[in-house]
Amino acid sequence: METVWMNLRDVDEAKGGVVLHETLALPRVAEENRMVERIDPVTADLIAHKADRLYHVDGAVETVIWYMCSRCLETFSAPLHLPFAEVFTRDAARVEDEIIYAPDDDVLLDPFIEQTINLAIEYRPLCREDCKGLCPVCGKNRNLEPCDCNPRPVDPRWAALQDLLSPDESE
Ligand SMILES: [Zn+2]
Ligand SMILES: [Zn+2]
């Protein structure tokens, strides 16, 4: 599996920018996000160009995220297509919030691609907007089959506990 390197000397010399098209594996996205079971290879379609002595990398990254639904715990896939834009400089004096210091000729873009994806990860993923979740009484997946349990026990203490366990149902 490739990684995405940008060579700043190539970008210096290229008239119309340097096209970076690679597929990379970012397994850490699944390791570090509790609700992500796995992540497909990530396709990066980027172009690097120099303007005013800054190196701009623009384009898009694309993959499929395999989530665990936060209500029914089933696995489902969600395609991800994100814009990518970062700016780099060789000049330490020009580094600021949005401008990243890149002192070497070769810049590894993988960490920035990973960060872009991490910012788009859902923390309460749902297999579908109206996912019925698991029955709190018998544990059946209510999307697959209805059960005979009383979904709203009348005891208000239990109702309060149920709200704590699944606060999204009150949204
Ligand atoms: Zn679900
Ligand atoms: Zn039930």
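When a residue number appears, it is its place in the shown sequence, counting from 1. Counting convention: from 1, in listed order, for ligands and their atoms alike.
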ask   = Angle subtended at the Zn ion (ligand 1) by SG of Cys127 and SG of Cys72, to 10 degrees?
value =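 Reported to 10°, the angle equals 110°.
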task = Could you check Leu24 against Thr3 for side-chain contact (heavy atoms from CB on, under 4.5 Å), going step by step and ending with a plain yes or no?
result = CA-CA 5 Å; Leu24 63 156; Thr3 52; 5.5 Å; no
Test side-chain contact (heavy atoms from CB on, under 4.5 Å) applied to Glu62 and Asp45, step by step = CA-CA 8 Å; Glu62 217 175 312; Asp45 258 311; 5.6 Å; no
message = With side chain to side chain contact (heavy atoms under 4.5 Å, CB included) as the test, pick out the partner of Tyr67 among Thr75, Ile39, Val36.
response =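 Among Thr75, Ile39, Val36, the one meeting side chain to side chain contact (heavy atoms under 4.5 Å, CB included) with Tyr67 is Val36.
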key: Over all atoms of both residues, closest heavy-atom pair of Asp40 and Thr63   =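 Smallest interatomic distance, heavy atoms only, reads O-OG1, 2.8 Å.
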message = For distances below 2.8 Å, what is the count of protein N, O or S atoms around the Zn ion (ligand 2)?
response =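 Considering protein N, O and S only, the Zn ion (ligand 2) has 4 within range.
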inquiry  = Assess whether a salt bridge exists between Arg9 and Asp106, defined as any Lys/Arg side-chain N lying under 4.0 Å from an Asp/Glu carboxylate O.
reply    =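 Result for this pair is no, no salt bridge flagged.
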task = Can you spot which of Phe84, Trp5, Phe88 makes a ring pair (Phe, Tyr, Trp, His ring centres under 6.0 Å) with Phe112?
result =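 The residue from Phe84, Trp5, Phe88 that satisfies ring pair (Phe, Tyr, Trp, His ring centres under 6.0 Å) with Phe112 turns out to be Phe88.
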